[in-house]
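Read the structure below first, then the notes.
In this chain, numbering begins with 1 at the start of the sequence shown.
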Amino acid sequence: MSLTFYWYPKCGTCRNAKKWLDEHHLSYNAIHIVETPPTRAELQDIYEKSNLELKKFFNTSGQKYRELGIKDKISTASEDELLDLLASDGMLIKRPLVTDGEKVTVGFKEEEYEKMWL
């Protein structure tokens, strides 16, 4: 099983997730989430397979999230509007974002990675 690992190398959480994947000898394709963010179609596919709320995909602690006032828009925006927002800037996406094409994790929690990827 090969994973797609969207990450931001300067992010400590992303580095911890990468270290965990390496320690467990999991193969993955690391993609810089800002330089090569997932397309809108990829995001929609990932979201639909995740069984998570779309708001879980937003990097709520990010500067861009605050600058754009997304917190105020998130409850009234349509799914299409939210996906368009996420696709507009990789910094808006909570990271790391990991998928094997069927399963998805957003962020990094060791217990969740153990359940999902081992």
Side-chain angles (χ1 to χ4, degrees):
M1 158 184 77
S2 185
L3 303 172
T4 301
F5 177 67
Y6 288 98
W7 75 313
Y8 185 62
K10 292 180 182 175
C11 166
T13 303
C14 292
R15 289 194 304 268
N16 289 339
K18 184 179 184 302
K19 181 179 177 214
W20 187 93
L21 292 170
D22 291 341
E23 285 172 353
H24 291 85
H25 309 287
L26 294 167
S27 74
Y28 58 88
N29 177 25
I31 299 173
H32 193 298
I33 202 161
V34 177
E35 293 173 0
T36 313
T39 65
R40 189 195 184 289
E42 289 168 330
L43 281 167
Q44 182 156 4
D45 184 56
I46 290 168
Y47 159 63
E48 288 171 358
K49 289 178 176 165
S50 74
N51 295 319
L52 296 170
E53 292 178 83
L54 193 50
K55 67 182 183 181
K56 297 277 188 205
F57 283 83
F58 281 90
N59 176 14
T60 57
S61 60
Q63 184 178 345
K64 197 72 147 184
Y65 182 87
R66 291 191 301 273
E67 279 174 13
L68 297 175
I70 294 172
K71 183 175 118 181
D72 301 325
K73 299 174 186 171
I74 212 159
S75 58
T76 56
S78 71
E79 191 174 285
D80 282 338
E81 290 169 327
L82 293 176
L83 284 165
D84 288 343
L85 256 177
L86 283 169
S88 72
D89 189 331
M91 290 302 276
L92 290 175
I93 302 169
K94 185 170 177 76
R95 55 192 183 259
L97 179 61
V98 182
T99 182
D100 64 359
E102 295 302 319
K103 299 179 303 214
V104 176
T105 54
V106 180
F108 174 64
K109 289 192 175 96
E110 201 167 321
E111 319 79 62
E112 189 180 0
Y113 269 46
E114 283 174 11
K115 276 191 237 165
M116 196 71 83
W117 307 125
L118 289 182

**Request:** Start with the C-alpha distance between Tyr65 and Asn59, add both sets of side-chain angles, then the distance that settles side-chain contact (heavy atoms from CB on, under 4.5 Å), and finish with yes or no.
**Result:** CA-CA 7 Å; Tyr65 182 87; Asn59 176 14; 5.7 Å; no
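- When hydrophobic clusters are built by joining Ile, Leu, Val, Met, Phe, Trp and Tyr residues whose side-chain heavy atoms come closer than 4.5 Å, directly or via intermediates, Val98 is not grouped with Leu92.
- Once rounded to the nearest 0.5 Å, the distance linking CG of Leu83 with OG of Ser88 reads 11.0 Å.
- Taking each heavy atom of Cys11 and Arg95 in turn, the nearest pair found is CB-NE, 3.7 Å.
- When all heavy atoms of Lys56 and Lys94 are compared, the pair lying nearest together is O-CD, 3.5 Å.
- Contact of the Leu68 side chain with the Asp89 side chain is not registered, since no non-hydrogen atoms from C-beta on lie closer than 4.5 Å.
- Take Glu42 and apply the side-chain hydrogen bond (donor to acceptor under 3.5 Å, both in side chains) test, not counting sequence neighbours, and it matches Thr39.
- No donor-acceptor distance shorter than 3.5 angstrom exists from the side chain of Lys55 to the backbone of Ile74, with no hydrogens or angles considered.
- Listed by chain and residue number, nothing satisfies the side chain to side chain contact (heavy atoms under 4.5 Å, CB included) test with Lys115 (two or more places apart in sequence, or in another chain).
- Formation of a donor-acceptor pair under 3.5 Å by the Lys49 side chain with backbone atoms of Gly101 is found in this model.
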**Item:** From CA spacing to verdict: side-chain contact (heavy atoms from CB on, under 4.5 Å), Tyr6, Ile46
**Value:** CA-CA 12 Å; Tyr6 288 98; Ile46 290 168; 4.3 Å; yes
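- For Glu67, the CD atom is densely surrounded, since the number of other residues' heavy atoms within 6.0 Å is greater than 12.
- Residue Pro37 comes nearest to Gly90 through the heavy atom pair CB-CA, 4.0 Å, listed as atom of the first residue, atom of the second, then distance.
- Atom NE2 of His24 sits about 5.5 Å away from atom CD of Glu114, to the nearest 0.5 Å.
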Donor-acceptor contacts, no H, no angles, side chain residues 104-112, under 3.5 Å, sequence neighbours left out:
residue, atom, partner, partner atom, Å
Thr105, OG1, Trp117, NE1, 3.2

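- Of all the heavy atoms in Phe58 and Leu82, the pair that sits closest is CZ-O, 3.8 Å.
- Leu43 and Leu3 fall into different hydrophobic clusters, where Ile, Leu, Val, Met, Phe, Trp and Tyr side chains are chained together by heavy-atom contacts under 4.5 Å.
- In this structure, the separation between CD on Glu102 and CG on Asp45 is 8.5 Å, given to the nearest 0.5 Å.
- Tyr8 and Trp20 fall into different hydrophobic clusters, where Ile, Leu, Val, Met, Phe, Trp and Tyr side chains are chained together by heavy-atom contacts under 4.5 Å.
- The two residues Ser2 and Asn29 come nearest to each other via the heavy atoms OG-N, 4.5 Å.
- Here salt bridge (charged side-chain N to carboxylate O under 4.0 Å, His left out) pairs that include residues 68-82, with residues two or more places apart or in two chains, are Arg40-Asp80.
- Taken to the nearest 0.5 Å, the CG atom of Leu85 stands 5.0 Å off from the CD1 atom of Ile70.
- At a threshold of 4.5 Å between side-chain heavy atoms, the hydrophobic network of Ile, Leu, Val, Met, Phe, Trp and Tyr places Tyr113 and Ile33 in two separate groups.
- The shortest heavy-atom contact between Lys103 and Met116 is NZ-O, 3.1 Å.
- Applying the salt bridge (charged side-chain N to carboxylate O under 4.0 Å, His left out) test to residues at least two apart or on different chains, the pairs with a partner in residues 23-39 are Lys19-Glu23.
- For Phe5, the ring pair (Phe, Tyr, Trp, His ring centres under 6.0 Å) partners two or more places apart in sequence, or in a different chain, are Trp7, Tyr28.
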